[in-house]
Every structure is written in C-alpha cells, then in structure tokens.
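Everything below concerns the one structure shown next.
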Amino acid sequence: MGAVELFAIDFFQALITGLLVGGTYALMCVGLGMIFGVMRVVNFAQGDFFMLGMYAAYYVATALGVMAVLGPYVGPVVAGLLAGPIVFAVGWLLHRFLVGRVTGVAAVGAEGDGHYAQIILTLGIALVLQNGGLILFGSLPLSVPTPMSRESWELGEFLINQARAVSFAVAIVVALLLYLFLKRTTLGKSMRAAADNAEAALYMGIDVDRCHRTAFALGCGVTAIAGGLIASSQSFQPYIGFDFVITMYAGVVLGGLGSILGAFWGGMTIGLVQQMSTLVLPFQLQNTAIFVVFLLIVFFRPHGMFGRSAERT
Amino acid sequence: MLRIASLDVAYGGLRALDGVSIEVAHGQFVAVVGPNGAGKTTLFRAISGTVTPAGGTIHYDGHDLLAVPAARRPHLGIAHVPEGRQVFPSMTVLENLELGAYTEAGRARWRESLDLVLQLFPVLGARRGQLAGTLSGGEQQMLAIGRGLASAPKLLMLDEPSMGLAPAVADTIFDRIQQIHHEHGVAVLLVEQRVAEALESCDRGYVLETGRIVMQGNHDALIADDRVKKAYLGL
C-alpha cells in the first residue's frame, strides 16, 4: 500500500470517528443552546450537569442493576437515556427555587436585567456540584463498564467503535425528537416564541416563566443524556464538567448563539475538528485545534454559522 | 367593560401616569392620543401586567385585573398589539398567527379567525410560510394585528399601529382597524400620535399629556374643541 492510500484510510477513519463523536457533542451543545436561546442565561454549570449525567448513568447502570438486567450492551444505553429524566428533575428544581428568581419576567428591570446575579448564581451552582460530587462520588475516575467501548465493527478497512456508534445513533434520535417537539407541539412553539420575544409571548397569554423552567430542565436533561452516553467510552471524575463546558461553549458560539439548530451543527463541527486534527497534530493539541477553528469562524462569521439572521425587528 | 380608575405608575421616582381614569364600553372604539412620552405605552403595559401600578384600579369584565397574573390576562379576551410590532422574527407568519390563537377562545375559533385575518390582510396569506423577521414594516404591523385578532379578543389594544410606516400603508392599517371594529364588534382601545386619524374613527377620546388626562369627550366634542384643533390637528 502506498503512502497516499494509507493517508486516505487514516483520513476517512478520522472522519468517521469525528462524526460519531460529533453526534454526542451535538446533543450536549443543544442542551446548552436551548437554555441560552430561550432564557438568554449564560449557564456556567452546564458542564456539571453533563458530569451529573455521567454519574447518573453510571449508578443507574451498576447500583440500580440496569446492566445486570438488560446486559452489558443494552444496559449502558438505557442508563444513559435515564440520566436525562433524572437531571431534568434536578434542573426543574434548581430553576424553581434558585434560577427562576434571577431570570425571566422577574428579572426584567433588575440591574443589568439580572445578568450579574445569573452569572454568579450559575457559577455558584457549578462549584457546589463539583465539590458536592467530590464528596458524594469520590475522586476516583470511573466509567460505565461495557465491552462496547473496546469492541469495534469492521467496515472494510475502517473500524467503528461500538460504544461511539450506538451513542451517536441514540444522540441523533434524541436531538430529532427535541427538534420535533420544538417545531410541532404547542409547548415547543410557545418556548420558541418566548425565546424570540418574551414580552410579546406574554401578550399572547404564554406563561413565559413556565417556558423558561421547561427549557432549563430540558437543556439540563439533554446535556445529561449526552454525558450518560459518553460515560461508556470515557472515564470521568467530578471535575470533568470543566473540560466539557469549554467545548460546549465553543460549539454553541460556533453555531450561532441563540440558534438551537446552530448548536447542533456547532457541536458536530467540534467533534469533527477534534478527531481530524489528530491527523496532523499531536493528540494533546486536539483542544487547541478546536479553538483555532473557533477563532477562525468567529473572525469570518461573527454571528456563527446559524446566527440569528432573521433578527431585524 | 374596561374601567381604569385613578391609575398611578412610577418608574423609580419618575411618575409616568398620574391619576389616569379611562373607560371602554362593550364594542366601543376609544382612542388615547397625545405626544411622545405622555405615558401611552405605560398605560397599555399596566393593563397587560408588564408594569405594576403604584395605585389605582383596573376592572375588566367583572375581574379585578391587577389581581390576575399577566400571562392569564389575554385569556380573558384582551389582545395587546404592542408598540413596534414585536412579531416573532424567527417564526413563520402562520406560526405567529397560531401563537396569537394560544388563548382558549383563540384555539376554539382558529379556523374562523384565520379566514378573517387573511381576508383583512391578503398579503399575509401569500407570505404564510415566510419568516416574520423578513417582512416589511407594514406587513409586520398587519401580522401583529392579525396575531392579536387570532386570539378572538373582546378588547383589541393597539399601541401606535402607524409608527414608522409610510402614510399610504398607515392609512390602510387605519381602514382595517375601523373595519374590524364595525364588522366584528370588537372593542378597540387605540393609542396614537397621529391624532387626526385616531380621533376621526373613535367613539370616544382621551388626550394624555405628561401622564395626565387633560381632555376627554366623545368624537364630535373632541373634533370641535378649539384646543385640540390648535394643538393636534394643525387647524
């Protein structure tokens, strides 16, 4: 085999892995994009909801015995999905008792529209979750024990990691369901309206605070599902959220702040760039490559790939 | 139907409304006119619940409106077409109208209201799949009014519907508003800087200046009033 052929194989291998990784990153970014898009709240704790999703999936898979019942292949996937409703509930309660007090209709007219309070609050939640995680879960790195993370399907010359492929498929389905929810259902439409113009939404009789609570909880839950899925192919500890929150923000800004569809493609791009960069750069520089691409896109398209072009009113 | 009594609203130390009393009877067309900064938009916001009055009462159809949460008020039959149109820019024309029909009454009468809106503003039918943010100013105003009508309201509140529009377009909008009022029996509360047009179509009018009602009366009395003529009608 010539050098060109070898490179071509490496190239397509990285492309495939990038797409698979990108699918779960896309879902993770959609969660963050949804919270920002609907509530205009910069949620620093999003990485820690991701972390909670990983631990939720781990304990559902092992301690709750889902893997013992459903086996080491189906079990981790179901556990990853169940991380969604668990963290959804956490997000719902957090919004009900904390976040809702400094956001939404209540925050209009507050100093800086409540943004200072929001930033401090989400930063505080992040710290509490990280250190609370350390106390509850310990600092030992864990991962959902499944043989899928080591096994691959062979497709000609290419290897497709089973854990990543299954996570990809599940992430895409969840993202699609979320998309249909936002496009087709009354609640989804009212959430988009609240995102576009909260005051006008209120004049339609839409309960904007309820929309915000739903968006916050859903955003947390969706990111947690991404975490729960990734927990099968990566080890984690309570501080892992910090690594991911940066990637998440890069994806969301890349796609265009405020656009949920943009967050999806932004996350996908991040996964692709991260994997493709290994072709030419050392493994340690993966995240550097992400930021180079990030800076390039911000430089040439300040509103991101899907920036709100319709925003002219 | 709507009875506002000695309403006070203050922003910080600034008094935006000072003892304002206004009444709208069933099916009546009431205009509130006055210069920029007189407190017209604040009045609407108090009715809709996006500002909290410091004093006074608002009664609507037997309800103490100030005790009703803002998000519930449209469900009582109050449609607020806000200043500057405020359509949902990233949603289609049809989706905007659907959201107008978010109220119980709006949902029940969706088919009829959609027909009515498209018959009043045929251009919205042609643009039903287009994003609202890409419409022209006049079309956005038509959409904002259509969205208000889609809730099947008993009271339609219009905040400066002519703002920023070419005179010909503004005239069309005023014609349609009169048509809505005459043919469909909806009570209209209109706030306008274009005093002549607003007073011409109303049953009853109020002149609001720096937060106070300085004049009120029925259509004929206001049109004939010398002060109104001098200050607003340029006669």
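Convention: sequence-line order gives letters A, B, ...; per-chain numbering from 1.
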* **Separation between CG of A/L295 and CZ of A/F300, rounded to the nearest 0.5 Å** => 11.5 Å
* With sequence neighbours excluded, residues passing side chain to side chain donor-acceptor pair (under 3.5 Å) with B/D159 -> B/T41
* Asked: Side chain, backbone, both or neither: which part of B/S151 has a non-hydrogen atom closer than 4.5 Å to chain A?
  -> neither
* Structure fact -> To the nearest 0.5 Å, atom CD1 of B/I47 lies from atom OH of B/Y60 at 11.0 Å
* Donor-acceptor pair, side chain of A/Q118 and main chain of A/V42, under 3.5 angstrom -> no
* Scan residues 66-88 of chain B for pairs that pass salt bridge (Lys or Arg N to Asp or Glu O under 4.0 Å), counting only residues two or more places apart or in two chains. => B/R72-B/E104
* **B/H80 portion near chain A, given a 4.5 angstrom heavy-atom threshold** => both
* Taking the side chain as every heavy atom from C-beta outward, state whether A/Q46 and A/F36 have any pair of such atoms under 4.5 Å apart. => no
* To do: Among B/H75, B/M91, B/R45, single out the residue with the greatest number of heavy-atom pairs under 4.5 Å to chain A.
  => B/M91
* Asked: For B/R3, does the CZ atom sit with more than 12 other heavy atoms under 6.0 Å from it, leaving out its own atoms?
  -> no
* **Contacts of residues 169-183 of chain A with chain B (heavy atom under 4.5 Å)** => A/K183
* Best-contacting candidate, A/A200, A/S190, A/A201, A/A193, against chain B by heavy atom pairs under 4.5 angstrom -> A/A193
* To do: Kindly write out the residues that satisfy side chain to side chain donor-acceptor pair (under 3.5 Å) with B/S201, not counting sequence neighbours, or none if the list is empty.
  => none
